[in-house]
Amino acid sequence: MIDELREEAIIQKVGGRFKLSTLIQKRLIALNHGAKPLVILPRASNLEIVIQEIMQDKICLSMKNELKTIEDDSPVDIPREVDMSSL
């Protein structure tokens, strides 16, 4: 398990467990569909990349629960239908 997920700080950073779960899921889908990581971590899993993006304030959820990157402040396009076999 990733140590940061055991900490209360990451939960408070995004506004609660539900929002943290939503943010992680949306970003994992984006990465799995070819989005470029916003942090460089050699040999890191996509989950480790997402956690570091959150910890470094690179991603967040908008008021409409859309995934936003801090660099360009625009929503990330996530396909509506996701092939669950690719997750």
Side-chain angles (χ1 to χ4, degrees):
M1 187 100 204
I2 298 174
D3 291 333
E4 287 86 356
L5 291 177
R6 295 182 188 145
E7 307 277 331
E8 196 67 26
I10 192 169
I11 295 166
Q12 293 175 358
K13 182 183 266 293
V14 297
R17 293 180 193 281
F18 177 75
K19 287 185 178 183
L20 175 61
S21 176
T22 301
L23 178 57
I24 290 171
Q25 290 174 17
K26 288 180 181 236
R27 184 58 177 156
L28 282 173
I29 290 170
L31 288 172
N32 287 336
H33 282 89
K36 293 184 180 179
L38 301 175
V39 295
I40 299 171
L41 297 173
R43 295 184 291 225
S45 70
N46 280 350
L47 180 58
E48 292 169 320
I49 291 169
V50 171
I51 298 305
Q52 281 306 306
E53 289 176 344
I54 294 169
M55 295 303 293
Q56 295 180 25
D57 295 322
K58 302 276 186 177
I59 59 173
C60 64
L61 287 175
S62 71
M63 295 300 275
K64 295 180 182 180
N65 277 344
E66 295 173 331
L67 175 63
K68 293 182 93 176
T69 60
I70 302 305
E71 291 179 345
D72 61 7
D73 202 33
S74 61
V76 175
D77 188 26
I78 300 173
R80 294 199 185 271
E81 294 184 22
V82 177
D83 180 11
M84 297 304 280
S85 65
S86 67
L87 299 177

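The structure presented is a predicted model; accordingly, all values stated were derived computationally and were not measured.
In this structure, CG on L28 lies 12.0 Å from NE2 on H33, to the nearest 0.5 angstrom. Between atom CD of residue E66 and atom OG1 of residue T22 there is a gap of 13.0 Å, rounded to the nearest 0.5 Å. A distance of 12.0 Å separates CG in L38 from CG in D57, rounded to the nearest 0.5 Å. The distance from atom CG of L67 to atom SG of C60, rounded to the nearest 0.5 Å, is 8.0 Å. Within the model, atoms CG of L23 and CD1 of I54 stand 4.0 Å from one another, a figure rounded to the nearest 0.5 Å.
What you find for P37 and I49 is that their closest heavy atoms are CB-CG2, 3.8 Å.
Under the salt bridge (charged side-chain N to carboxylate O under 4.0 Å, His left out) criterion, K19 pairs with no residue, sequence neighbours left out. Scanning for salt bridge (charged side-chain N to carboxylate O under 4.0 Å, His left out) contacts around R17 gives E8, with sequence neighbours left out.
In the hydrophobic cluster analysis, where Ile, Leu, Val, Met, Phe, Trp and Tyr join through side-chain heavy atoms closer than 4.5 angstrom, F18 is grouped apart from L5.
Of the candidates L61, V50, N32, R27 forms a side chain to side chain contact (heavy atoms under 4.5 Å, CB included) with just one, namely V50. A side chain to side chain contact (heavy atoms under 4.5 Å, CB included) with I51 is found for exactly one of I10, L41, N46, namely I10.
Listed for the E53 side chain is no donor-acceptor partner under 3.5 Å among the backbone atoms of I59.
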Trace of the side-chain contact (heavy atoms from CB on, under 4.5 Å) decision for Q52 with E4: CA-CA 9 Å; Q52 281 306 306; E4 287 86 356; 3.3 Å; yes

